[in-house]
Amino acid sequence: MCYGFDGQAALRQSLDRRDLLRGSLAALAGIGLASGLGATAAQAGGHHHGRRPVPKELISLQLWTVRDALNGSPGYDATLAHLARIGYPRVELALGYFGRTARELRRFLDGIGIKASSSHDGIAADAAALEQKIANARTLGQRFMVVPYLNSDREDDWKRWAEQMNVEAAAARRASLRYGYHNHAHEFTIDFGNGRRPWDVLTEELDPRLVHLEIDIYWAVTGGITSGEGVDDPEGFTLDVIRSAPQRVLQYHVKDRDPATGDMADLGTGMIDFARIFRGHQVMEYIVENDTPDVTPQQTAAVGYRYLRRLRF
């Protein structure tokens, strides 16, 4: 699952005049915002001939986005069936299996035509838990397993976690699984007091032969703005993060950023130029996410899917 850092206060501190200008351009150039098919000015090139689309088979949804629907109404089964009707071919699991075993969940997902291609799982508590985590992922037919969140202002903690992730990633590799780490903003904003940040430790210590990165574009953009390094060019900062890391970036979390508040926004209604980032680096999975859906979780899911299907880059 995808957790925030310092909540709304940290986001609002990151506002700048350039965000507001880009938001105005997005509003002017948006396409079909009422129906959830909007695009920013830079992204409105979705209809240009010769540009490639995001392949449908690579579009996914992080289930944290629809957690309220999963835990409440209409419930897990109906929500997943709705995602299948929207057109999602795959999801990234979070929040457990909702009363099913991995085998039972696989049978249910197969029945509605959705693949669990990835999951968010914390670092295992012990060897037995790691073995079970890997066994579940294999049963579900996953290709990826990703550590979703770590946070500390102590450099030694990040070094220890990187060492643990390398061990887990080696075990995952033996089981034909790809093992990754998912960023937030604080990896770029915490200063250990020596000019080094968690991102520096992770990219130095994680074995690039074993561990890949799942870049959350919203959080990378926000981290760049909050730290000051990406204020003038948030997408450029994000591309620098991607290109400079020794680890391969194989997955994206794709969620937008409201230009007025800095909060998360449904895809196509914010200020992030996704087409530019996608042109700069393509991945194996484009995962729609919004921790705080604009209207309902189901509508956010539909808006995100349609947006990626229309986008050209």
Partner of H212 by ring-ring contact (aromatic ring centres under 6.0 Å, His included), out of F144, Y252, Y179: F144

Linked, directly or transitively: L63 and L267 (ILVMFWY side chains, under 4.5 Å): yes

Side-chain donor/acceptor of T261 to backbone N/O of D263, under 3.5 Å: yes

Sidechain N-carboxylate O distance under 4.0 Å for D207, R173: no

L83 with L105, same ILVMFWY side-chain cluster at under 4.5 Å: yes

Pairing of E285 and R143 as salt bridge, 4.0 angstrom limit: no

Parallel, tilted or perpendicular: rings of H184 and Y149 (30°, 60°): perpendicular

Side chain to side chain, Y181 and E187, heavy atoms closer than 4.5 Å: yes

R100/D77 salt bridge by N-O under 4.0 Å criterion: yes

Residue pair T65 / V288, side-chain heavy-atom distance below 4.5 Å: no

Heavy-atom side-chain proximity of F278 to R52 below 4.5 angstrom: no

Exam field: side chain N166 to backbone E205, donor-acceptor pair closer than 3.5 Å: yes

Spacing of CZ belonging to F98 relative to CG belonging to L70, to within rounding of 0.5 Å: 4.5 Å

Heavy-atom donor-acceptor pair, N183 side chain to D216 backbone, under 3.5 Å: yes

Pairwise side-chain contact, L202 with M165, heavy-atom cut-off 4.5 Å (strictly under): yes

Same apolar cluster: V66 and Y76, side chain cutoff 4.5 Å: yes

Check: R90 side chain, E57 main-chain N or O, donor-acceptor pair, under 3.5 Å: yes

Within residues 123-132 or reaching into it, pairs that qualify as side chain to side chain donor-acceptor pair (under 3.5 Å) - sequence neighbours excluded: Q132-N136

Pair D157 + R154: basic N to acidic O under 4.0 Å: yes

Qualifying salt bridge (charged side-chain N to carboxylate O under 4.0 Å, His left out) pairs, either residue in residues 104-119, two or more places apart: R106-D110

